[in-house]
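Note that these values count all heavy atoms, side chains included, but never hydrogens, waters or copies made by symmetry.
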Amino acid sequence: DDLSIPGQPEKSAPARKIANYDFHRADRISQDQMRSIHLLHEHFGRNFASSLSAYLRAFVDVNMASLEQVSYSAFIKSLPDPTLFASIGMRPLDSNIALELSPSLAFPMIDMILGGPGSNLVESRNLTEIELNIIEGVIKLAMRDLCGAWRSIMELEFYLEGKGTKAQMFQIVSPAETVIAVSLELKIAETSGTMNLCIPARILKMLRSRFDQQWNSRRQKAEGGE
């Protein structure tokens with residue numbers, strides 16, 4: 001039955017404001033925090049270049065190539081297969097980061113550690129168990145220098161939870177979750193390649209206040225120095 005009164009306009013429902021909500025962007029990191037992460041990993045790169053030069057007895061140059069927010073699945077798809085992939089735990093945080101080293105770097109490094117000139121492989125293949133154990137020294141060196149770089153934010157203890165040649169076998173977060181992908185370019189003599197770090201965005205959101213404090217103190221020092 002039509003219950004509306006003739007001659008009177010029907011009351012329309014109150015207009016609802018609708019905003020688009022992108023669940024993939026829900027855990028985006030602020031630009032200030034991204035700048036802090038950039039500076040933190042530039043500091044890491046300088047220290048790691050020095051440490052690796054001494055370890056390999058060869059000049060190593062490390063530069064930041066890129067820093068971006070992507071889904072974990074997009075990060076994994078961007079990596080070569082096979083590659084060197086390590087899952088790294090961080091105490092006291094109940095979370096992991098990932099470190100990936102391209103084979104174009106891993107094989108020459110192994111050759112240098114064994115006393116060779118740093119020759120690369122012509123064919124693409126998986127690292128053997130023995131080769132993975134040899135390159136573990138480089139991963140632990142990176143973990144030590146990451147620990148030093150993160151000290152301005154928080155005292156962390158990095159530990160190697162697992163390593164292998166198939167990145168897709170390691171699920172440090174769910175595929176759709178946002179991560180910060182830090183890409184570093186390494187040059188060793190005539191060889192160059194990339195090392196990628198993957199940091200879950202939720203770790204950085206958890207530590208946002210610590211990043212803000214560090215960013216503010218750095219800005220105050222800069223202003224005071226002028």
Side-chain angles (χ1 to χ4, degrees), residues 22-52 60-76 78-79 85-101 138-161 170 172-174 176-187 194-226:
D22 186 347
F23 284 92
H24 290 289
R25 297 178 66 89
D27 46 2
R28 302 293 281 180
I29 298 298
S30 72
Q31 283 306 306
D32 273 358
Q33 200 172 352
M34 287 293 279
R35 278 193 287 270
S36 288
I37 295 158
H38 191 282
L39 289 168
L40 185 151
H41 287 94
E42 276 189 336
H43 173 61
F44 161 73
R46 286 192 297 271
N47 288 347
F48 187 53
S50 175
S51 300
L52 200 54
V60 179
D61 189 35
V62 180
N63 289 297
M64 281 278 292
S66 66
L67 178 73
E68 56 182 341
Q69 302 185 53
V70 294
S71 69
Y72 184 60
S73 61
F75 171 74
I76 294 296
S78 72
L79 303 178
F85 195 89
S87 175
I88 298 167
M90 41 200 325
R91 297 187 185 98
L93 302 178
D94 184 23
S95 193
N96 285 34
I97 63 169
L99 182 152
E100 182 266 343
L101 190 67
V138 172
I139 299 170
K140 288 185 172 173
L141 210 59
M143 284 159 52
R144 189 193 73 187
D145 287 339
L146 277 170
C147 187
W150 275 82
R151 198 164 285 133
S152 61
I153 305 295
M154 185 180 184
E155 282 284 350
L156 292 169
E157 181 196 343
F158 290 90
Y159 60 95
L160 185 59
E161 197 166 80
F170 295 85
I172 65 164
V173 291
S174 62
E177 200 167 320
T178 301
V179 296
I180 308 302
V182 183
S183 185
L184 299 154
E185 186 184 16
L186 276 67
K187 288 181 183 171
T194 54
M195 183 172 90
N196 290 295
L197 296 166
C198 167
I199 310 159
R202 59 184 149 113
I203 293 178
L204 302 172
K205 286 178 79 80
M206 207 172 11
L207 300 175
R208 184 185 288 155
S209 62
R210 289 171 183 263
F211 273 97
D212 289 346
Q213 285 166 14
Q214 192 237 21
W215 181 251
N216 289 333
S217 66
R218 183 184 279 120
R219 195 157 43 196
Q220 284 163 8
K221 279 180 191 172
E223 287 167 1
E226 288 173 1

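Atom-to-atom distance recorded for I37:CD1 and L204:CG is 4.0 Å, nearest 0.5 angstrom.
Side-chain contact between M64 and L184 is present, with at least one heavy-atom pair separated by less than 4.5 Å. Contact annotation: the side chain of P92 approaches that of L156 to within less than 4.5 Å [non-hydrogen atoms, C-beta and beyond]. In this structure, V173 and R202 have side chains that are in contact, with non-hydrogen atoms separated by less than 4.5 Å. Contact of the F211 side chain with the I29 side chain is not registered, since no non-hydrogen atoms from C-beta on lie closer than 4.5 Å. Annotation: side chain of I97 is in contact with side chain of I203 (closest heavy-atom distance under 4.5 Å).
Considering only residues two or more places apart in sequence or on other chains, Y72 meets the ring-ring contact (aromatic ring centres under 6.0 Å, His included) condition with none of them. Residues forming a side chain to side chain contact (heavy atoms under 4.5 Å, CB included) with M206 (at least two apart in sequence, or on another chain): L93. Remark: K187 pairs with no residue by the salt bridge (Lys or Arg N to Asp or Glu O under 4.0 Å) rule, at least two apart or across chains. Residues satisfying the side chain to side chain contact (heavy atoms under 4.5 Å, CB included) criterion with D145, sequence neighbours excluded, are F44, N47, F48, S51. In terms of the ring-ring contact (aromatic ring centres under 6.0 Å, His included) criterion, F75 has no residue partners (sequence neighbours excluded).
When all heavy atoms of L99 and A142 are compared, the pair lying nearest together is CD1-CB, 3.7 Å.
The salt bridge (charged side-chain N to carboxylate O under 4.0 Å, His left out) analysis of residues 146-160, with sequence neighbours excluded, yields the pairs R91-E157, R151-E155.
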Evaluate the criterion side-chain contact (heavy atoms from CB on, under 4.5 Å) for residue pair Q31 and R35; output intermediate values, then yes/no. CA-CA 6 Å; Q31 283 306 306; R35 278 193 287 270; 4.2 Å; yes
